Protein chains: 2
Amino acid sequence: MRKVFLFMDTVINKVDAKGRVSLPSDYRAIVKELETEIVCYRSLSLPCIEGCLEETLDKLATDIEDSTDFFSETQDNLTNLIFGDAKRFTFDSTGRIMLSEKLLKHAQITDTAVFVGKGRKFQIWNPQNWQKEEERIRREVLKNRPVLKKNKEE
Amino acid sequence: MRKVFLFMDTVINKVDAKGRVSLPSDYRAIVKELETEIVCYRSLSLPCIEGCLEETLDKLATDIEDSTDFFSETQDNLTNLIFGDAKRFTFDSTGRIMLSEKLLKHAQITDTAVFVGKGRKFQIWNPQNWQKEEERIRREVLKNRPVLKKNKEE
DNA sequence: TGGTATAACATGGTATTTTATGGGATTCAA
DNA sequence: TTGAATCCCATAAAATACCATGTTATACCA
């Protein structure tokens, strides 16, 4: 039994006419072992789909409760945006999930999708968009390398 | 049960046409005893593959979560770069892992690879590149030797 | 200490399994 | 009843497990 569960790697899969995509087998293994489900929602800031385990969203709910006021507009807005958008996605016997029109449109995905591991989360991108975004991030992080180091060493 | 786990030594192994390489047996022993897995990714600054234990990356994920905000751009950038590139590598009954095209290309490895221990991490190099890098490092350390000594004795 | 037996290892090759993906059948709901 | 969602089957390719062999390192004994 493994001890660590991380979404990793970058894999490109096809999206068929019905909107079906194979979830990367590594991701499936995590879902199965933890006996949980995948949840997907539109990224708040980027043109991509974001996914995580149900547990992770549960933790987020707690964090939002703890860090914002029950009656605050912030809490209202956040919870509406996130949980109003999120949805469970179970995969079939061949390992595919069916992404909704809403999600596909937001990420501008048509016939190909890129899964990008983010540790506790992952993202699903249009391949061209992801390529641009990756280049942007590399430039950004290399420029600010001291920041990365600082975080690591603390 | 041993108390110390360090990747050490420098081992040269062949890479076959499928990209298979024997993981040094010492490394395998660590993975087995800790009941964990190896994770590899492209070095951010050098033309080599870097590897560590899954636990190490898990700790990093936790550190990033703790030191940056769930919605922050910093967290986004970092996790994309690190976990998007990293991948689990399990070895078969004969002790081999299968390196991906992406990794081999980044490290300019074709038919031979050098494993270099780095303590908690290790690196995999193209033999010629490693030779040059080692010479560079030796020169560098000799140049700064007084500083090194000073630190030790204080 | 020297020599031999034994075990571990690296590595080439092959067999088996898993995975991605297209297509069709069945079920469900509006 | 029609469109959509779910399930099931088929297939090719890729990943993985397994087997065999020569070599090196280790353990053992005289």
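Residue numbering restarts at 1 for every chain, and letters A, B, ... go by the order of the sequence lines. Everything numeric here is computed off the predicted structure, so don't read it as measured data.
As judged by a 4.0 angstrom heavy-atom cut-off over every strand, Ser25(B) is placed among residues touching the sugar-phosphate backbone only.
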For a salt bridge (Lys or Arg N to Asp or Glu O under 4.0 Å) check, start with the C-alpha distance between Lys102(B) and Asp85(B), then their side-chain angles and the critical distance, and finish with the verdict. CA-CA 9 Å; Lys102(B) 186 176 75 174; Asp85(B) 207 54; 3.1 Å; yes
Checking Phe83(B) against Leu6(A) for the side-chain contact (heavy atoms from CB on, under 4.5 Å) test, could you report, in this order, the C-alpha distance in whole Å, the side-chain angles of both residues, the deciding distance, and whether it holds? CA-CA 8 Å; Phe83(B) 298 101; Leu6(A) 293 170; 4.0 Å; yes
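Nucleotides of DNA chain C nearest to Pro24(B) and Thr94(A) differ in position, and the one nearer the 5' end is that of Pro24(B).
The interatomic distance linking Arg20(A) (CZ) with dA4(D) (P) rounds to 14 Å, in whole Å. Glu101(B) has its CD atom 10 Å from the P atom of dA15(D), to the nearest Å. The CZ-C1' distance, from Arg28(A) to dA15(D), rounds to 13 Å in whole Å.
In this structure, the nucleotide among dA17(D), dC19(D), dG22(C) sitting nearest to the side chain of Lys14(A) is dG22(C). Counting only heavy atoms from C-beta on, Lys18(A) has its side chain closest to dG24(C) among dG24(C), dA17(D), dG22(C). Comparing dA10(C), dC18(D), dG23(C) by their closest approach to the side chain of Asp92(B) singles out dC18(D). Closest to the side chain of Asp16(B), from the set dC7(D), dG12(C), dA17(D), is dG12(C).
By the 4.0 Å N-to-carboxylate-O rule, Arg42(B) lies too far from Glu50(B) to be salt-bridged with it. Between Glu55(A) and Lys59(A), no side-chain nitrogen of the basic residue sits less than 4.0 Å from a carboxylate oxygen of the acidic one, so the salt-bridge criterion is not met.
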